[in-house]
Amino acid sequence: MGRGRVEMKRIENKINRQVTFSKRRSGLLKKAHEISVLCDAEVALIVFSTKGKLSEYSTNSSMERILERYERYSYAERQLMSNDPEQTGSWTLEHAKLKARMEVLQRNQKHFMGEELDSLSMKELQNLEQQLDSALKHVRSRKNQLMYESISDLQKKDKALQEQNNILTKKIKEKEKEKAQQALLEQQQINHEVESSSNIVLPQSMQTLDIGVSSYSARGDDNNGDGEDEAREDQNRGNNNNNNSHLPSWMLSNHNA
């Protein structure tokens with residue numbers, strides 16, 4: 001015989017009520033898990049016993065995220081219901097479309113992150129792999145482009161630095177050359193001054209004086225007595241010449257004769 005229909009009312013027997021709660025709770029949690037796996041649905045189940053004991057189940061242990069989603073949807077529905085009743089139908093349809101689209105996007109995002117892939121078929125997995133390969137190619141292409149641009153900028157900077165280095169090197173060589181020329185000119189000027197100081201010519205009067213003094217000293221050293229006599233004779237001749245210079249010419253001729 002099959003099990004009879006259970007009358008839906010509160011079980012008065014406390015023990016039977018507790019046994020029934022435990023059995024039905026286990027079955028409810030099992031059904032929630034089955035529907036989440038078979039239908040790829042997000043399920044959140046919360047059960048409190050008469051004693052306040054909590055029993056819960058959530059898809060992928062995301063109870064908080066499901067509750068936040070529920071609050072967001074319920075708030076949006078309340079906002080739609082509070083609007084003009086004539087626009088309620090169109091807003092409800094638009095909300096349903098956006099809701100479905102957002103769910104698809106969220107599911108695709110999870111698939112791209114490698115999550116919740118158990119419900120996908122072989123063909124869907126192949127399509128996902130192709131999409132990931134295409135995305136990876138775009139990422140690598142962009143990365144290579146950025147690296148090429150970075151290398152090009154660095155090469156330009158290196159070239160500019162090399163040019164600046166060459167200019168500075170050229171300036172340094174010119175400065176060193178100027179210093180060497182200046183030092184050479186200074187040395188030549190010093191040598192010229194030294195040569196000029198060593199080749200100083202005495203005046204003519206000083207040379208004559210030196211020669212006269214030297215000759216007189218030489219004669220005095222040879223014969224002091226003869227020198228004195230000759231000096232007296234020269235003085236007498238000078239005196240005679242001076243005296244004769246005052247006489248008339250006819251007297252000079254007779255005197256000389």
Side-chain angles (χ1 to χ4, degrees), residues 29 31-46 56-84 87-180:
L29 294 175
K31 292 295 182 181
H33 176 68
E34 290 176 355
I35 192 173
S36 65
V37 174
L38 296 175
C39 302
D40 192 19
E42 292 186 357
V43 179
L45 175 63
I46 300 174
E56 62 177 343
Y57 170 81
S58 61
T59 306
N60 295 327
S61 301
S62 58
M63 178 65 74
E64 294 181 357
R65 187 168 58 83
I66 295 174
L67 291 177
E68 290 178 357
R69 183 177 178 184
Y70 169 75
E71 291 178 357
R72 185 168 61 251
Y73 287 169
S74 61
Y75 175 78
E77 290 178 357
R78 288 194 300 269
Q79 291 293 104
L80 290 174
M81 294 301 295
S82 63
N83 293 334
D84 189 0
Q87 298 180 356
T88 302
S90 61
W91 281 112
T92 303
L93 181 61
E94 186 68 21
H95 174 264
K97 291 180 180 180
L98 293 175
K99 178 181 178 181
R101 182 175 178 80
M102 185 176 67
E103 289 177 352
V104 172
L105 293 175
Q106 288 178 348
R107 185 168 60 251
N108 291 336
Q109 183 180 7
K110 291 179 181 179
H111 293 165
F112 288 139
M113 297 296 295
E115 300 176 356
E116 299 182 5
L117 302 177
D118 296 336
S119 61
L120 298 178
S121 63
M122 180 62 68
K123 186 176 181 179
E124 290 175 343
L125 289 173
Q126 290 177 352
N127 292 332
L128 179 62
E129 184 179 6
Q130 291 178 357
Q131 291 177 0
L132 291 174
D133 289 338
S134 178
L136 184 59
K137 289 180 181 179
H138 288 296
V139 172
R140 287 176 177 173
S141 176
R142 178 58 180 167
K143 183 190 71 173
N144 292 333
Q145 182 180 359
L146 291 176
M147 291 179 64
Y148 176 78
E149 292 176 356
S150 178
I151 291 172
S152 179
D153 293 338
L154 291 175
Q155 289 177 348
K156 290 180 180 179
K157 291 180 180 179
D158 181 68
K159 185 176 180 181
L161 291 175
Q162 288 290 343
E163 292 178 354
Q164 292 180 0
N165 189 18
N166 294 333
I167 293 172
L168 292 175
T169 303
K170 185 176 180 181
K171 290 182 178 179
I172 290 172
K173 290 182 179 180
E174 290 178 354
K175 291 290 185 181
E176 291 178 352
K177 186 176 180 181
E178 291 178 358
K179 289 182 178 179

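No experiment lies behind these values; they were computed from the predicted model shown.
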CG of Leu136 to NZ of Lys143, rounded to nearest 0.5 Å, is 8.5 Å
Could I get the full list of salt bridge (Lys or Arg N to Asp or Glu O under 4.0 Å) partners for Glu115, not counting sequence neighbours? none
Heavy-atom side-chain proximity of Leu132 to Leu128 below 4.5 angstrom: yes
Please walk me through it: do Glu174 and Lys179 pass salt bridge (Lys or Arg N to Asp or Glu O under 4.0 Å)? CA-CA 9 Å; Glu174 290 178 354; Lys179 289 182 178 179; over 6 Å; no
Atom CD1 of Ile35 with >12 non-hydrogen neighbours under 6.0 angstrom: no
Quick check: do His33 and Leu29 have side-chain heavy atoms less than 4.5 Å from each other? no
Kindly say whether Val104 contributes a backbone atom to a donor-acceptor pair with the side chain of Asn108 at under 3.5 angstrom? yes
Answer yes or no: is there an ion pair linking Arg69 with Glu103, defined by an N-O contact shorter than 4.0 Å? yes
Sub-4.5 Å side-chain heavy-atom contact between Gln130 and Ser134: no
I need the Lys157 NZ to Gln155 CD distance, nearest 0.5 Å. 12.5 Å
Indicate yes or no for a side-chain donor-acceptor contact from Asn165 to the backbone of Leu161 under 3.5 Å, with no hydrogens or angles considered. no
From NZ (Lys31) to CG (Leu38), nearest 0.5 Å: 9.5 Å
Carboxylate-amine/guanidinium proximity below 4.0 Å for Glu42 and Lys110: yes
Interatomic spacing from CG in Leu146 to CZ in Arg142 - rounded to 0.5 Å: 4.0 Å
Does some side-chain heavy atom of Arg107 sit less than 4.5 Å from a side-chain heavy atom of His111? yes
To the closest 0.5 Å, what do you measure between OG (Ser152) and NZ (Lys156)? 4.5 Å
Spacing of Thr169 atom OG1 and Gln162 atom CD [to the nearest 0.5 Å]: 9.5 Å
Which pair of heavy atoms, one from Met63 and one from Ile46, lies closest together, and at what distance? CE-CG1, 4.0 Å
When every non-hydrogen atom of Ile66 is compared with those of Thr59, the smallest separation belongs to CD1-N, 4.1 Å
Test log, rule side-chain contact (heavy atoms from CB on, under 4.5 Å), inputs Gln145 and Glu149: CA-CA 6 Å; Gln145 182 180 359; Glu149 292 176 356; 3.5 Å; yes
